[in-house]
Amino acid sequence: MKKAIRPEQAAEMIPDGAVVMIGGFMGVGTPERLIDALVARGVRGLTVIANDAALPGKGIGKLVSAHAIAKAIMSHIGLNPEFQKQMIAGEVEVELVPQGTLVERIRAGGVGLGGVLTATGLGTPVAEGKRVVEVGGESYLLETPLKAEFALIRAYQADYAGNLCYSLTAHNFNPVMALAGATVIAEPEVIVPIGVIPPDSVKTPGVLVHHLLARAA
Amino acid sequence: MKKAIRPEQAAEMIPDGAVVMIGGFMGVGTPERLIDALVARGVRGLTVIANDAALPGKGIGKLVSAHAIAKAIMSHIGLNPEFQKQMIAGEVEVELVPQGTLVERIRAGGVGLGGVLTATGLGTPVAEGKRVVEVGGESYLLETPLKAEFALIRAYQADYAGNLCYSLTAHNFNPVMALAGATVIAEPEVIVPIGVIPPDSVKTPGVLVHHLLARAA
Amino acid sequence: MEVAVHSPKEIIARRVALEIRPGMLVNLGIGLPSMVANHIPHDAGVFFQAENGVIGLGARPPEGMEDPNLTDAGGGFVTAVPGAASIDSAMSFGLIRGGHLDMTVLGGLQVDARGHLANWMVPGHMVPGMGGAMDLVAGAKRVIVAMVHSARGEAKIVPECTLPLTAARRVSLIVTEMAVIEPTADGLVLRERGPGVSVEEIRAATAAELIVPAEPPEMTLA
Amino acid sequence: MEVAVHSPKEIIARRVALEIRPGMLVNLGIGLPSMVANHIPHDAGVFFQAENGVIGLGARPPEGMEDPNLTDAGGGFVTAVPGAASIDSAMSFGLIRGGHLDMTVLGGLQVDARGHLANWMVPGHMVPGMGGAMDLVAGAKRVIVAMVHSARGEAKIVPECTLPLTAARRVSLIVTEMAVIEPTADGLVLRERGPGVSVEEIRAATAAELIVPAEPPEMTLA
């Protein structure tokens with residue numbers, strides 16, 4: 001049983017300098033109210049692991065505008081000119097990771113794998129400094145796991161056991177990040193009583209979710 | 001659009017000596033009618049990748065009794081005394097793989113990873129002959145991908161686009177095997193028109209499925 | 001006060017049940033370990049995982065209400081509690097390997113002085129395969145070995161396992177009908193005695209060396 | 001016969017459309033590549049993947065019928081065709097990396113004589129990140145580069161990429177408004193000429209060496 005909490009309560013749990021995974025793709029499937037609460041409490045120095053930096057004023061873009069991010073591990077930042085400026089000014093450190101590699105690194109962290117081998121990035125700047133492992137005569141990059149202190153995820157439907165369902169392209173990184181955060185905070189669109197979601201519809205089992213955000217008032 | 005085929009047609013596609021993944025856990029979630037058709041056509045020399053050898057008379061146990069299996073890559077064979085006998089007699093070659101490693105090796109084959117690192121099996125006979133890779137000061141076994149010529153899977157509901165849903169503990173290895181077979185043949189309990197299954201309920205996208213088995217007459 | 005007389009397996013199941021805290025995710029092995037569930041209050045908020053694909057395993061259904069698609073890892077019909085989730089094998093073992101499983105309770109053939117468990121094969125005799133045991137022992141947050149203290153007069157707690165290991169990791173706790181023993185970096189520490197069992201009797205039935213604190217208490221049972 | 005006059009981008013989109021066969025799973029990049037969808041018959045049984053999480057991407061919805069949870073990889077509102085499936089990023093890139101994607105169509109900054117593509121950064125100038133491009137080029141069964149032949153008078157088909165590569169893999173085909181070029185182990189082979197374009201004009205606009213068969217045909221368009 002998870003008692004739903006308010007966004008301010010969630011934001012207070014997350015200290016300055018925390019390593020945070022945030023779901024979403026260009027702001028779609030991003031926990032907006034959690035981000036608003038983090039901005040409101042003036043969080044600083046976050047390491048954000050996410051697909052992208054979204055746009056100014058949307059999703060992770062709000063953390064960018066608030067200068068709350070010190071380090072980013074992302075696949076794409078090109079649509080947020082403010083983030084580009086902060087990067088060029090040396091205000092934020094950016095590690096660019098191919099999207100498919102990023103999701104596998106997060107999954108590896110979540111499911112206890114020591115790493116995965118992928119051909120993605122071979123022969124490109126992504127390969128620099130990485131181990132190359134041969135399997136069956138083919139070369140692969142060894143990509144290492146990513147974990148976070150917090151995973152902030154967006155869901156479509158939750159029950160009070162913490163079970164989560166997702167909607168359409170708002171799935172994206174959320175189900176995988178739910179595995180990889182030491183503390184998982186989910187922001188669902190609706191919360192229903194336990195027993196309402198059929199077991200076959202659950203995509204993130206409630207045992208992975210630590211806190212649910214209460215619905216908007 | 002996938003036109004449903006009869007079990008005999010499916011069995012004819014699978015030659016003697018083929019490498020075949022078969023879904024199921026102790027026979028639950030196993031495509032029984034496909035197996036019956038394979039036994040009926042007298043298939044021989046299969047390499048079977050599956051969780052277990054089930055029981056005599058059930059699921060993969062029927063292939064065992066028919067002496068259709070030459071090699072098995074499985075996590076458990078202990079509940080099928082016939083299979084134990086065939087193994088001791090040298091009639092069948094068995095590679096035992098820890099269950100979590102088995103599913104990750106199949107997934108790696110299906111999603112194009114060159115391998116995964118796991119601590120499972122370290123310090124046990126499973127580690128023999130395998131590469132040990134250090135990541136972050138911890139040791140892991142390098143486990144390599146598994147693929148198959150055919151994946152024979154059981155589903156709960158399908159549509160004629162090949163989209164699949166699964167039921168309760170009949171999921172098990174089926175969704176992952178659907179990624180790793182060059183030809184994927186699914187045996188659903190029911191087939192519904194395209195558009196009936198909501199996109200969020202699909203667990204195996206139809207693009208992965210090559211053939212659907214028609215319902216039982 | 002009347003004292004209930006329990007069978008050795010019943011003692012073990014009742015003692016292991018006390019290790020389980022509200023809200024935990026727990027995997028119980030087939031056989032003896034599965035008896036532990038009988039001693040957990042229904043309102044404890046404990047979720048049981050069956051590694052074949054369900055979180056929120058419930059009791060055996062009434063006859064005539066079985067679902068062929070809902071079984072436990074032993075193949076027996078079960079139910080799903082409210083709030084249950086179906087998962088595939090990748091997610092199931094992702095939870096196990098990824099440290100999301102709070103506790104696993106498994107049977108054992110041998111445990112040795114380093115706390116290493118052997119429970120999946122007897123070379124030349126029984127080669128059933130490891131199933132999920134190696135992942136469970138390598139990945140669960142706590143690993144509890146629930147087994148009878150000796151097998152046909154032979155000690156199962158030994159200086160060094162002669163059977164192939166299940167994992168190189170030290171298990172968290174050994175619970176038998178005679179003792180609760182905690183493997184530590186220094187060796188096996190006797191934490192509790194079984195009902196009416198003396199330290200001397202435990203030593204006599206244990207081939208490995210035991211570290212025995214002053215006056216280890218008798219175990220309480222659920 | 002009247003000849004339709006198409007813009008360069010229109011020519012490219014219409015020529016790429018002919019590469020797509022019924023039943024294929026296709027990923028179209030943002031911008032020019034996304035125009036290809038306009039030239040595929042609705043009944044061709046082609047499924048478009050948006051790597052952010054849908055198989056069976058449909059057209060833009062009528063105004064007032066948008067769903068904030070259903071967008072393409074560019075963030076624009078889309079619909080889902082009957083038979084569509086929602087997938088998470090692990091499945092989406094599993095399909096891409098695992099060789100389940102029949103074709104990807106991407107834009108390019110440079111392609112070189114070995115068929116290597118650079119399309120994700122201009123050092124010191126534009127560092128948007130590779131997004132899904134590296135996985136798409138490494139994993140798709142066929143990789144088609146759809147781009148205008150030259151950029152501001154500078155050749156984009158070059159002897160060797162000066163920009164950082166997207167993958168070490170050779171792309172399958174280059175389609176521009178001037179030519180269809182197939183990278184092979186021997187080098188770049190000119191397969192077709194653009195509408196009204198001569199071999200000499202193509203050579204002049206191409207910095208890399210071209211292998212030119214006798215009388216390459218003019219391209220047909222969808």
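This one's a predicted model, so the numbers in the text were calculated from it and none came from an experiment. Numbers restart at 1 for each chain; the letters A, B, ... are given by sequence-line order, proteins then strands.
The most heavy-atom pairs under 4.5 Å with chain B, out of C/Asp88, C/Val54, C/Asn52, C/Leu165, come from C/Asn52. Most heavy-atom pairs under 4.5 Å with chain C: of the set B/Ile77, B/Thr118, B/Leu55, B/Ile88, this distinction falls to B/Ile77. With chain C as the partner, the residue from B/Pro125, B/Ala53, B/Ala119 showing the most heavy-atom pairs under 4.5 Å is B/Pro125. Ranked by heavy-atom pairs under 4.5 Å with chain C, the first of B/Asn51, B/Val126, B/Val94, B/Thr124 is B/Thr124. Contact tally against chain B (heavy-atom pairs below 4.5 Å) for C/Met134, C/His116, C/Arg169: the top residue is C/Met134. Residue with the most contacts toward chain B among C/Met91, C/Met121, C/Arg97, C/Glu51: C/Arg97 (heavy-atom pairs, distance under 4.5 Å). Counting heavy-atom pairs closer than 4.5 Å to chain C, the top-ranked of the candidates B/Leu79, B/Val97, B/Ile106 is B/Val97. If you tally non-hydrogen atom pairs under 4.5 Å between each of C/Ala133, C/Gly53, C/Ser86 and chain B, the highest count goes to C/Ser86. The candidate with the highest count of non-hydrogen atom pairs below 4.5 Å against chain C, out of B/His76, B/Lys203, B/Met87, is B/His76. Each of B/Gly121, B/Gly100, B/Gly78 has some count of heavy-atom pairs under 4.5 Å with chain C, and the biggest count is that of B/Gly100.
Taking CG of B/Leu152 as the reference point, atom CE of B/Met177 lies at 9.0 Å (rounded to 0.5 Å). One distance of note links OG of B/Ser201 with OH of B/Tyr156; it measures 11.5 Å at 0.5 Å rounding. From B/Glu187, atom CD reaches atom CG of B/Leu34 across 5.0 Å, with rounding to the nearest 0.5 Å.
No more than 12 heavy atoms of other residues, nucleotides or ligands shown are found within 6.0 angstrom of NZ on B/Lys85.
With a 4.5 angstrom heavy-atom cutoff, C/Val78 does not touch chain B via any of its atoms. Looking at C/Ile87, the atoms closer than 4.5 Å to chain B (heavy atoms on both sides) all sit in the backbone: N, CA, C or O. At a 4.5 Å heavy-atom cutoff, the contact between B/Leu122 and chain C is made by backbone atoms alone. Both the backbone and the side chain of B/Phe173 come within contact range of chain C, each with at least one heavy atom under 4.5 Å from a heavy atom of that chain. Of the atoms belonging to C/Leu70, heavy atoms from both backbone and side chain fall under 4.5 Å from chain B. In this structure, chain B has heavy atoms under 4.5 Å from both the backbone and the side chain of C/Ala168. In this structure, chain B has no heavy atom under 4.5 Å from any part of C/Ser92.
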Working for salt bridge (charged side-chain N to carboxylate O under 4.0 Å, His left out), residues B/Glu95 and B/Arg105: CA-CA 13 Å; B/Glu95 180 185 344; B/Arg105 290 181 66 189; 3.1 Å; yes
message: Set out, in order, the CA-CA distance, both residues' side-chain angles and the distance that settles side-chain contact (heavy atoms from CB on, under 4.5 Å) for B/Val133 and B/Leu142, then state yes or no.
response: CA-CA 7 Å; B/Val133 178; B/Leu142 171 57; 4.3 Å; yes
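Considering every non-hydrogen atom in both B/Asn163 and B/Ile197, the closest pair reads O-CD1, 4.1 Å. The two atoms that bring C/Ala73 and C/Ala50 nearest to each other are N-CB, 4.3 Å, heavy atoms only.
At a cut-off of 3.5 Å, with distance as the only test, a side-chain donor of C/Thr162 or C/Gln110 sits close to an acceptor on the other residue.
Comment: B/Lys58 does not engage B/Glu32 in a salt bridge, judged by the lack of any side-chain N to carboxylate O separation of less than 4.0 angstrom.
A side chain to side chain contact (heavy atoms under 4.5 Å, CB included) with C/Ile96 is found for exactly one of C/Leu25, C/Thr104, C/Val137, C/Asp135, namely C/Asp135.
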